[in-house]
Amino acid sequence: MTTLEKLEAVFFKLKEDPSFWQEYTRIMSTYSCRPTPLTFSQNLTKHFGGAKIYIKREDLNHTGAHKANNVMGQGLLVKRMGKPRVIAETGAGQHGVATATMAAKFGFECTIYMGEVDMERQSPNVFWMQQLGAEVVPVKDGTRTLKDAINESLRDWVTNMDTTHYVLGTACGPHPFPTMVAYFQSIIGQEAREQILKAENKLPDVICACVGGGSNALGIFQGFLEDEAVELVGVEAGGEGIKTGRHAARLTGDLGRPGVAQGYKTYFLQNEEGQMVETHSVAAGLDYIGVSPILADLYEKKRVKFTYATDEEVVEAMKLAMKKEGVIPALESAHAFVEAFKRAPEMSRDQIIIINQSGRGDKDIFTVADALKDKMWQEFIKHKAAIYESY
Amino acid sequence: MTTLEKLEAVFFKLKEDPSFWQEYTRIMSTYSCRPTPLTFSQNLTKHFGGAKIYIKREDLNHTGAHKANNVMGQGLLVKRMGKPRVIAETGAGQHGVATATMAAKFGFECTIYMGEVDMERQSPNVFWMQQLGAEVVPVKDGTRTLKDAINESLRDWVTNMDTTHYVLGTACGPHPFPTMVAYFQSIIGQEAREQILKAENKLPDVICACVGGGSNALGIFQGFLEDEAVELVGVEAGGEGIKTGRHAARLTGDLGRPGVAQGYKTYFLQNEEGQMVETHSVAAGLDYIGVSPILADLYEKKRVKFTYATDEEVVEAMKLAMKKEGVIPALESAHAFVEAFKRAPEMSRDQIIIINQSGRGDKDIFTVADALKDKMWQEFIKHKAAIYESY
Amino acid sequence: MNLTEYLTQLKQKKKIGLMTHLVCGYPSLEVNYRTVSTMVEAGVDLMELQIPFSEPIADGPTMVKANQTALNQGTTVKDCLNLMREVTQKYTIPFLFMTYYNIPLQQGLLNFCQQTKEAGGSGLIVPDLPPEEAKEFIAACKEYRISPILLMSPTSSDRRLEMISRMADGFIYCVARKGVTGPKTDFSAAVRIFLRRCREKTSLPLALGFGVTSKADVDFLAGEADVAVIGSFMIKLLEKEGIEGVRSFLRTLI
Amino acid sequence: MNLTEYLTQLKQKKKIGLMTHLVCGYPSLEVNYRTVSTMVEAGVDLMELQIPFSEPIADGPTMVKANQTALNQGTTVKDCLNLMREVTQKYTIPFLFMTYYNIPLQQGLLNFCQQTKEAGGSGLIVPDLPPEEAKEFIAACKEYRISPILLMSPTSSDRRLEMISRMADGFIYCVARKGVTGPKTDFSAAVRIFLRRCREKTSLPLALGFGVTSKADVDFLAGEADVAVIGSFMIKLLEKEGIEGVRSFLRTLI
Ligand SMILES: Cc1ncc(COP(=O)(O)O)c(C=O)c1O
Ligand SMILES: Cc1ncc(COP(=O)(O)O)c(C=O)c1O
């Protein structure tokens, strides 16, 4: 694993170099639109009649999610390392599209591993990755979803380490990935802290973020770790309910246990024997067995609280956010909205909640329309299919 | 038409009030992500080996296009006028989604008129408009496309003027709409001018923008009207070629003639008798009979040059932009890319082109996939349809 | 005899005159001829023939469909002029053209007025032409001695009504309410007040249209306006009950 | 007799020893027994039994599928221990477990080592455990006198090879190349150089695996390594040609 050592060396050197962070923020502000806004949601605030609700708008990033922060940061590293090729795993396709985009921007070759099941579910993203010049390789092992795509990426990487960098998509995996991904995502929290102080002249009371691998949550939380009065809440995928077994709650409700897989140690959803179990969430990006070891540590230290939101709650929260604020949170991000909506009415009007809207939901139209069982959409798709049938 | 007079009065009063522009830019920077970046495209520049290519990133706006600038501005006006309801026409659905979003944000009732043909073609946007709380009314008259949706909106408006504001989507229609829409869009050019001066310490040589109704083009051009050395180029929809009759080139090639329709006077694509003809473009947002009277004026004054790009060129330019820069221009915006790509290699390396990327193309997946005749996409849709069939 | 004189004389014979409407080419030119004959025989006092336009923004669904169908069937301005010529040769009541501004504009204003005059038309109604922009158009009408019929509406300011009054000729077309042609109007005090406002501003005869659909509506207007205009309702009737339906409805009115 | 002694004695009899591999539960436990018996009879010198894991990141497609199938069929750690017990009772060659770290971890390291020992296992190969993290694991192995087999690879630095050498026991598993199990290795000077680097750092016997698929490969290794390891290729052979295929292939080797 000397690639990891090399990566670690390069990363820690650059981390100490202030000009690197400057280069990073420069590209994020000229290629993506950082700083992303912090939107005050007057309507949602009024609707719940309690805490002021602010939304950190990672959905406005280029490619539509906080994933851009991570991939662009790693892209700069790859440039320094002089490697011509990047690979990445992807679940819903969001990180795949972001990586393919970064590769196009920097001129790298790009291979994306994606579970066969996910490829079928998320064809729009497969289409865009290909258009962006990436090769998308279907992963046919295991559950044929995100975790298997990670395995396959790790295999490619150990085989092609000399030429290839593995752009891991979240704050998981072998060291230094958790630290590195969290570092690039910390731009969210840095900005949010400045923005809320400017807007309200005080810190927020609560910050809600959804937790898949943990990168967007760590991203915003890192701005406030030292501010002990700020309650940090990670929201996991409750799926069909954490009692049904069909969920991805690793830290909430003592359902995950410490283990080692995919090159790192954290809380995993596994059976008695240590085999990983199938997870479930309406939000593909949260549908994963592990969680960032850094978050696991903050969990153990009780600095971050964890809870979950069910698929059903998520769809409702998403609907409300659309109608009341005109934002379309990704299904992942909608988990954070659920928790904020539960807390807001219990809080007083001079208190503040920040929701991290990690991504935009219009990428999820197939999933959202399915979750809403939208008839018009189904008719549209049937109609389209009939046209294609007739070719 | 006293509503128009009232609107004019309110608008011109606010236009004189510097605090209004401040309020406008504040909301654009907290709800959308203005200033949108000006991205230097190193790869495209290298690829063509000529002028430096910069891209103004209106695609990063909330809801994915420059339409946000207009709707948010008009939304502020509506708040001042105290009307509870907004209506809008939409072609591809982009302006409909933007208006529905603005209505959700400001708490207005919202009705969107959309041609029946467009509703069928652009179901994803219909879905989102509805989710955002808007009523989408199919327009079954005429060609059942954008121009008919404008007619129907005008009809609703004259009927409900007391309670309703018509959020026209482009710099067309009766006075003061062209002026007003152009005013809100001028934020693009203001920013672009500052940004290019900061980046290059000089003005660009050429600016390319696509022209549907003309709002994004006017938006960026207005920042440079006085800078006579800056060549301003509007790119119309050449469709299947301007000789085929299947296009929407009103100013290029003497194909449109001055006329009056939909409450304003400009160059229209019409037959000998003055009946409007059917237009065509792969980009729904350019598929329109008229063009901003302000642009028509700049055309007559020869301050802005006009040209066109064909559907075929547009698809190629879009592909190149994706592969070389990792941006996904809307099919509309890709028209501007075509022209820039034609000019760049003919220019010298110290010259500069700015392309206005008016919107993002991932909203267009059905159209783009169709234009590319993508097999995988067709299989995916058939597969989805089969699932829906089985319900 | 010009339109104003005609209507002034009419006023002495009838409590209120009646103007009906058709869209040239809808459902066909052939039916247009028969409709005109039925209407004239039933005692209609004047008629507007609409030249179809692709963007009829002042019209409601019935009219929009009629315009579109007529165009789809290939109806041209020449067809409309021919229709005008034939009906004015055959009948003595005045006929006017109603259309949108782009039609005369593309024909050339003077040319179009000349042709209208030669075809026997008495006036021109152009709902999408605001008075501020109407100078050239009015001059062309005057040149060929046809009446430019201008519209007054309840939302017009007094100043605007006065301007319209100064520019108009023949009669004034009073629009009963906001909105487009078609939907029923609630004939109540508001309409009366509006008509009196118009009356104060002009000495020209007042025709009132938009949403007139019954004998009761016409009776309401008698004494308040000089002419009641029945437009969309006529077309709906024709679609539903054919020419016979039109005939029997007009019998109840006159 | 511990593993090191066994291999040292073996070296005196043979130019190179042979270790083969199977995945417990693939294609079935029943076939596993027969495979073991065939291999032992054919003269294989030691064997690794892989306890299947859901995330086998060091394995290539053949092994991944085998792991997955075994799990889908419900293979448990207990099944693997039973297999180990039965084969060690029946045959005298050493058997080792190969698995990923989460398996012993979830069983409890000490507990797992104890059970392995009781089942007759001689050692443990855990490819995803870096030496830096292996202290506790090695202590547990030592506690129950089974060998923790550590991996050396061509990309390891000298310092790392030295560390591994200090911690290892039984023998060293040398990984012929970068990458995962399965793909053929190009046996050339590079492998020889790597093995000599390993030899410099340790006095333990060297087993070389990853991509060994033919008599030529094994011949190449004779003299350079103490043991040649055939893994994925064995499984592919079993899939394609059954136990008879395995038997005849091994005959060509030994
Ligand atoms: C929009 C969005 N939010 C959140 C996540 C979850 O990842 P993480 O917990 O690393 O932020 C994903 C992952 O795909 C995502 O796409
Ligand atoms: C992305 C985009 N660009 C351009 C246009 C064309 O409009 P305009 O010429 O008013 O900018 C549209 C209209 O829908 C659009 O959606």
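In what follows, chains carry the letters A, B, and so on, assigned in the order in which the sequence lines appear, proteins first and then strands, with residues in each chain numbered from 1.
- Interface residue D/Q107: only side-chain heavy atoms are found under 4.5 Å from chain A.
- Neither the backbone nor the side chain of A/E152 comes within contact range of chain D; no heavy atoms are under 4.5 Å apart.
- Of the possible polar contacts, one joining the D/Q106 side chain to the A/P258 backbone as a donor-acceptor pair under 3.5 Å is found.
- Interface remark: D/N67 contributes no atoms to any contact with chain A (heavy atom separation under 4.5 Å).
- Under a cut-off of 6.0 angstrom, the local environment of CG in D/D158 is crowded, with over 12 non-hydrogen atoms contributed by other residues, nucleotides or ligands.
- Here the side chain of D/N102 pairs no donor or acceptor atom with the backbone of A/G259 at under 3.5 angstrom.
- Between A/E273 and D/T76, some side-chain heavy-atom pair lies under the 4.5 Å cut-off.
- Residue D/Y101 comes nearest to A/V260 through the heavy atom pair CD2-CG2, 3.7 Å, listed as atom of the first residue, atom of the second, then distance.
- Contact tally against chain A (heavy-atom pairs below 4.5 Å) for D/I103, D/L71, D/N72: the top residue is D/L71.
- Across D/F53 and A/A261, no two heavy atoms sit closer than the pair CZ-CB, 4.0 Å.
- For the atom pair D/Q68 CD and A/T143 OG1, the distance stands at 7.5 Å (nearest 0.5 Å).
- Listed for the A/N151 side chain is no donor-acceptor partner under 3.5 Å among the backbone atoms of D/I57.
- Taking CG from A/D141 and OG from D/S54, the interatomic distance works out to 12.0 Å, rounded to the nearest 0.5 Å.
- By the neighbour-count criterion of 12 heavy atoms within 6.0 Å, atom CD of D/E239 is densely surrounded, having more than that number from other residues, nucleotides or ligands.
- Salt-bridge annotation for D/E133 and A/K265: absent, with no side-chain N of the basic residue lying under 4.0 Å from a carboxylate O of the acidic one.
- Counting heavy-atom neighbours within 6.0 Å of A/Q130 CD, excluding the residue itself, gives a total above 12.
- The CD atom of A/E5 lies 6.5 Å from the CD atom of D/E132; values are rounded to the nearest 0.5 Å.
- For chain D, the option among A/R257, A/Q262, A/K147, A/E272 with the highest count of heavy-atom pairs below 4.5 Å is A/K147.
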| query | Given A/N160 and D/K178, is the side-chain contact (heavy atoms from CB on, under 4.5 Å) satisfied, shown in steps? | reply | CA-CA 8 Å; A/N160 303 298; D/K178 285 174 295 181; over 6 Å; no

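- Your options are D/V64, D/L105, D/D128, and the one with the most heavy-atom pairs under 4.5 Å with chain A is D/V64.
- Side-chain contact between D/P56 and A/R155 is present, with at least one heavy-atom pair separated by less than 4.5 Å.
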